[in-house]
Amino acid sequence: MIALEQVSKLYGQTKAVDNISLTVNEGQTVVLLGTSGCGKTTTLRMVNRLIDCSAGTISVNGQNIMQQQPETLRRSIGYVLQHTGLFPHYTIAQNVGIVPKLLGWLPQKITERTHALLAKLQLDPAKYGPLFPHQLSGGQQQRVGLARALAADPPVLLMDEPFGALDPVTRSGIRREFKHLDELKRKTILMVTHDVQEAFELGDEICLMDKGKIVQQGKPSHLLFRPANKFVQTFFNEQRFLLELQSLTLADIWNQLPIHVDPIPAETMEAKTSLFNLMEKLSAPNQPTTLMASIHGSDINRQIDLPAILNAFTQYKNKASHE
């Protein structure tokens, strides 16, 4: 869906992006992560030609972006900014409907689409549609920015530090909404962040960059347990234990959990449940400290408690370190 092949961006003699190749498959969310100045935002902006690359090829939906007019290209790609970029003299409804209007949609269709998106993002269209951006909170403005990017139902979405301007509490809440929004489940998303926790929470894959180069791309667990080099290994050290628990799932440690044979009813659990969420569940007040569980596709019940999870977690880490 998005493909960069040997792409570079030069400013004089400085290579902001240095011969990178990157693919974002259809329906996938890939997060560009790295320190400030590593080239991640430049990479993102080259995809919709806010910046033109100096070398290499970029394709979206199989088409070379340099063979399209920038304005036409941008109308086919949703774009979410850190500071929303809302037009202050337009109402919320007008802001959301900008791209559909440019594409020639009928007014009734624009209104229906605008109302539907605002409602999905927990903004009552009757209440918020007539307001102006300055009358909304930062979190509400960010929701409007996302609605505007989604309004024309583009297959591709670019997100440049979309939650970076929000306070931590609002940011966490917006991320949860983002993960569960059905509109995003069909999108191909390339996202930039410097927030490691955000990258692990939202990305199917993480593309870690340093000094204009891609150091490693892969699933979050691969970067943690199978780092390509010392840079990758040390990049996550500050939050490593929490990230490891969040990136590993019940399916990852299933075979290391004790088999349970007693005829006690087992709770069917999602294989993709993270170890962090499992431990939260087992530690919650008034909840059993031991579960008998099964996962779809397995005819074996296993015992899950905190010692069993930690033991299986340790076995997984030891195995990964020797592969």
Side-chain angles (χ1 to χ4, degrees), residues 27-31 33 163 168-169 171-182 184-185 189 191 193 195-206 208 218-227 232-233 235-323:
Q28 189 178 40
T29 298
V30 172
V31 179
L33 179 66
F163 315 122
V169 174
R171 184 173 185 148
S172 178
I174 292 283
R175 285 208 305 254
R176 285 195 297 270
E177 292 176 22
F178 177 93
K179 285 178 66 176
H180 296 102
L181 187 63
D182 62 347
L184 297 173
K185 294 187 182 350
I189 302 173
M191 174 180 169
T193 186
D195 187 316
V196 173
Q197 180 68 39
E198 191 163 275
F200 273 70
E201 188 173 339
L202 300 179
D204 298 315
E205 288 194 358
I206 293 173
L208 184 61
K219 294 180 180 180
S221 59
H222 288 176
L223 272 69
L224 287 172
F225 298 105
R226 299 174 180 85
V232 181
Q233 185 177 14
F235 188 86
F236 303 107
N237 275 350
E238 188 174 329
Q239 304 176 55
R240 177 170 294 280
F241 181 62
L242 178 59
L243 294 172
E244 289 175 343
L245 292 178
Q246 290 177 326
S247 65
L248 290 182
T249 66
L250 180 58
D252 290 322
I253 65 165
W254 182 249
N255 291 331
Q256 281 72 50
L257 293 170
I259 294 176
H260 179 72
V261 295
D262 292 338
I264 299 175
E267 178 180 344
T268 301
M269 305 188 74
E270 291 288 337
K272 63 182 180 181
T273 303
S274 73
L275 301 194
F276 181 81
N277 288 340
L278 275 177
M279 294 175 75
E280 270 196 327
K281 181 181 179 73
L282 291 165
S283 303
N286 303 319
Q287 292 294 317
T289 57
T290 301
L291 295 173
M292 307 309 157
S294 64
I295 59 175
H296 296 291
S298 173
D299 57 359
I300 297 175
N301 297 336
R302 293 186 181 272
Q303 179 178 317
I304 300 176
D305 54 26
L306 291 178
I309 290 174
L310 292 173
N311 181 60
F313 169 71
T314 301
Q315 290 184 56
Y316 182 97
K317 287 189 67 172
N318 290 338
K319 181 181 177 182
S321 67
H322 290 93
E323 289 181 348

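Given the structure is predicted, the values throughout are model-derived calculations rather than measurements. Reckoned from all heavy atoms, side chains included, excluding hydrogens, waters and symmetry mates.
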Atom CG of Asp204 and atom OG1 of Thr29: how far apart are they, to the nearest 0.5 Å? 5.0 Å
List in chain and number order the residues that pass side chain to side chain contact (heavy atoms under 4.5 Å, CB included) with Glu267, two or more places apart in sequence or in another chain; answer none if no residue qualifies. Met269, Lys281, Leu291
Please report the closest heavy-atom contact between Ala199 and Val31, naming both atoms and the distance. CB-CG1, 3.7 Å
Working to the nearest 0.5 angstrom, can you tell me the gap between Asn255 CG and Gln315 CD? 10.5 Å
Could you go through Phe235 and Leu223, starting from their C-alpha distance and side-chain angles, then the distance that decides it, and tell me whether this counts as side-chain contact (heavy atoms from CB on, under 4.5 Å)? CA-CA 10 Å; Phe235 188 86; Leu223 272 69; over 6 Å; no
Qualifying residues under side chain to side chain contact (heavy atoms under 4.5 Å, CB included), relative to Thr314, sequence neighbours excluded: Asn318
Looking at residues at least two apart in the chain, or sitting in another chain, which of them share a side-chain hydrogen bond (donor to acceptor under 3.5 Å, both in side chains) with Gln197? Gln246
Under the salt bridge (charged side-chain N to carboxylate O under 4.0 Å, His left out) test, which residues partner Lys219, sequence neighbours left out? none
Distance, nearest 0.5 Å, that separates CG of Asp252 from OH of Tyr316: 4.5 Å
Shortest non-hydrogen pair, Thr193 vs Asp195, comes out as OG1-N, 3.0 Å
Could you list the donor-acceptor pairs under 3.5 angstrom formed between side-chain atoms of residues 271-280 and any protein atom two or more places apart in sequence or on another chain?
from   : atom 1 : to     : atom 2 : distance (Å)
Thr273 : OG1    : Glu270 : O      : 2.9
Ser274 : OG     : Asn277 : N      : 3.1
Ser274 : OG     : Asn277 : ND2    : 3.3

Over all atoms of both residues, closest heavy-atom pair of Leu282 and Pro288: CD2-O, 3.7 Å
Taking CD in Gln287 as the centre, count heavy atoms belonging to other residues, nucleotides or ligands within less than 6.0 Å. Is the count above 12? yes
In chain order, what residues pass the side chain to side chain contact (heavy atoms under 4.5 Å, CB included) check against Ser247, with sequence neighbours excluded? Phe200, Pro220, Ser221, Leu224, Phe225
Who passes side chain to side chain contact (heavy atoms under 4.5 Å, CB included) against Asn237, sequence neighbours left out? Thr234, Arg240
Name the atoms and distances for all side-chain donor-acceptor pairs under 3.5 Å in residues 300-313, with sequence neighbours left out.
from   : atom 1 : to     : atom 2 : distance (Å)
Arg302 : NE     : Trp254 : O      : 3.0
Arg302 : NH1    : Leu257 : O      : 2.5
Gln303 : NE2    : Asp305 : OD2    : 3.2
Asp305 : OD1    : Ala308 : N      : 2.8

